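Every value quoted in this text rests on a predicted model; they were computed, and no experiment measured them.
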Amino acid sequence: MEQFAQLGSDMVRLWSQYSGSYLNGIKNTLILAVVATLIGCLIGFVCGVLNTIPYTKSDSLPKRFLLKLIRIIVRVYVEIFRGTPMVLQAVFIYYGLPYFSNNALRFDNIWAAAILIVSINTGAYMAETVRGGIISVDPGQTEGAKAIGMTHVQTMVSVILPQAFRNIVPQIGNNFIINIKDTSVMFIISFTEFFAIHRTVVGSNYLYFPSAAIEMVGYLTMTLIASFLLRLLEKKLDGNDSYDLVQVDALTMSAGTYNYPGRGTPFDERNPEAQKSMLREELRRQAERDTAVREGQKAETRRAHGNETRNQDGGDQ
């Protein structure tokens with residue numbers, strides 16, 4: 001218990017002395033993680049869509065060659081950045097580019113370098129995630145879209161991607177949480193994020209374990225809050241648990257153009273007044289149909305009676 005008490009005392013002392021630095025590191029970590037995840041998702045969506053463009057032997061040779069080349073480039077990019085640690089990617093991009101270009105290519109802004117490194121790493125993972133999300137959509141969706149004359153772009157934008165996006169939201173959240181933690185390797189390029197503050201504090205007072213405990217609590221808090229917000233987003237995308245099915249005009253419902261009237265409006269089928277009005281209208285229509293049937297029967301009776309009279313007159317003659 002004495003060790004825990006001493007640890008708590010050291011943590012309080014470090015936080016009271018370096019709280020501003022720790023909070024600044026948390027802010028930089030979150031900004032980097034959010035921006036890099038968004039850019040990485042964009043890269044992943046582009047690569048995933050390009051990697052799933054279909055082609056057949058009947059297509060022209062230039063089209064097939066271009067699509068195969070794109071798939072090779074995407075595959076090489078994905079395998080390289082998924083198969084190497086981010087810390088080494090940071091070293092090769094931040095220090096390697098100036099080295100091999102004789103300082104012609106270098107980063108004057110540390111933020112730009114950090115965002116680029118984390119973004120392209122995230123994009124490599126998201127490319128495969130998006131490809132899997134697109135493949136997971138029932139092929140009948142694509143066939144149906146083609147049957148009504150939609151192009152591949154229209155099919156992807158209006159049919160496939162909205163469904164694929166819901167399927168890959170958990171993985172997007174997973175990548176965001178990973179980025180919160182993996183930004184800790186950006187200290188290698190002197191980026192001041194949360195873990196870099198820990199190294200600075202330890203270098204000043206040598207209280208390694210208390211500072212590491214503060215880092216642990218900070219990272220855990222950030223990831224738990226991110227997980228909670230992402231679960232709220234998933235629940236929002238799932239929509240309501242109950243659905244109202246349209247009982248009339250099935251063609252409109254299947255076409256996806258039906259908008260259910262708002263509650264309390266005169267057109268709301270769930271409104272008691274509207275239900276009474278619909279019942280009265282249905283009764284009126286039934287009465288009109290009954291009247292039409294009776295009129296038709298009377299007309300048929302008169303027509304049959306007239307034919308019988310003519311037949312009798314002809315017989316008398």
Side-chain heavy-atom pair [X], [Y] within 4.5 angstrom cut-off:
X      : Y      : answer
Leu229 : Leu233 : no
Leu97  : Arg106 : no
Phe81  : Tyr125 : no
Val130 : Asn51  : no
Phe45  : Leu161 : yes
Trp15  : Asp10  : no
Met150 : Met156 : no
Tyr18  : Ile214 : no

Is the closest side-chain donor-acceptor distance between [X] and [Y] under 3.5 Å?
X      : Y      : result
Gln286 : Arg289 : yes
Tyr22  : Ser211 : yes
Asn179 : Thr122 : yes
Thr183 : Glu193 : no
Gln163 : Asn167 : no

Walk me through it: do Ile43 and Tyr77 pass the test side chain to side chain contact (heavy atoms under 4.5 Å, CB included)? CA-CA 11 Å; Ile43 296 173; Tyr77 159 65; 3.6 Å; yes

Out of curiosity, [X] [atom1] to [Y] [atom2], how far, rounded to the nearest 0.5 Å?
X      : Y      : atom1 : atom2 : result
Glu128 : Ile168 : CD    : CD1   : 12.0 Å
Asn121 : Asn175 : CG    : CG    : 9.0 Å
Asn103 : Ser101 : CG    : OG    : 6.5 Å
Arg75  : Cys47  : CZ    : SG    : 11.0 Å
Ser119 : Met126 : OG    : CE    : 12.5 Å
Met216 : Phe209 : CE    : CZ    : 8.0 Å

Can you get from [X] to [Y] by hopping between Ile, Leu, Val, Met, Phe, Trp and Tyr side chains that sit under 4.5 Å apart?
X      : Y      : value
Val76  : Ile117 : yes
Phe92  : Ile80  : no
Val49  : Leu38  : no
Ile178 : Met186 : no
Phe187 : Ile110 : yes

Describe, in one word, how the ring planes of His198 and Tyr208 are oriented to each other, choosing from parallel (under 30°), tilted (30 to 60°) and perpendicular (over 60°).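 If you compare the ring of His198 with that of Tyr208, the planes turn out perpendicular.
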
Show your working on side chain to side chain contact (heavy atoms under 4.5 Å, CB included) between Leu30 and Phe194 and close with a plain yes or no. CA-CA 9 Å; Leu30 290 176; Phe194 193 33; over 6 Å; no

Any Lys/Arg nitrogen of [X] or [Y] sitting under 4.0 Å from an Asp/Glu carboxylate oxygen of the other?
X      : Y      : result
Arg199 : Glu215 : no
Glu234 : Arg231 : no
Lys57  : Asp59  : no

Heavy-atom closest contact ([X] atom, [Y] atom, distance):
X      : Y      : result
Gly149 : Gln154 : O-OE1, 4.3 Å
Ala113 : Ile189 : CB-CD1, 4.3 Å
Ile197 : Ser21  : CG1-O, 3.4 Å
Ile134 : Gly48  : CD1-O, 4.1 Å
Cys41  : Ile172 : SG-CG2, 3.7 Å
Ala213 : Leu7   : CB-CD1, 4.4 Å

Polar side-chain atom of [X] near backbone of [Y] as donor-acceptor pair, under 3.5 Å:
X      : Y      : result
Gln89  : Thr84  : yes
Asp138 : Gly140 : yes
Ser136 : Gly133 : yes
Ser158 : Thr155 : no
Thr223 : Leu220 : yes

Candidate pair Tyr94 and Ser190, rule side chain to side chain contact (heavy atoms under 4.5 Å, CB included), full reasoning: CA-CA 10 Å; Tyr94 188 75; Ser190 302; 6.0 Å; no

Is the distance between the ring centroids of Tyr95 and Tyr99 under 6.0 Å?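 Ring centres of Tyr99 and Tyr95 not closer than 6.0 Å.
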
Derivation and outcome, side chain to side chain contact (heavy atoms under 4.5 Å, CB included), residues Trp111 and Ile31: CA-CA 10 Å; Trp111 272 96; Ile31 293 175; 3.8 Å; yes

Is there a salt bridge (charged side-chain N to carboxylate O under 4.0 Å, His left out) between Glu143 and Lys146 once you walk through the steps? CA-CA 5 Å; Glu143 296 173 1; Lys146 290 182 178 180; over 6 Å; no

Would one find more than 12 heavy atoms of other residues, nucleotides or ligands at under 6.0 Å from atom CZ of Phe65?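 Atom CZ in Phe65 is not packed in, count stays at 12 or less.
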
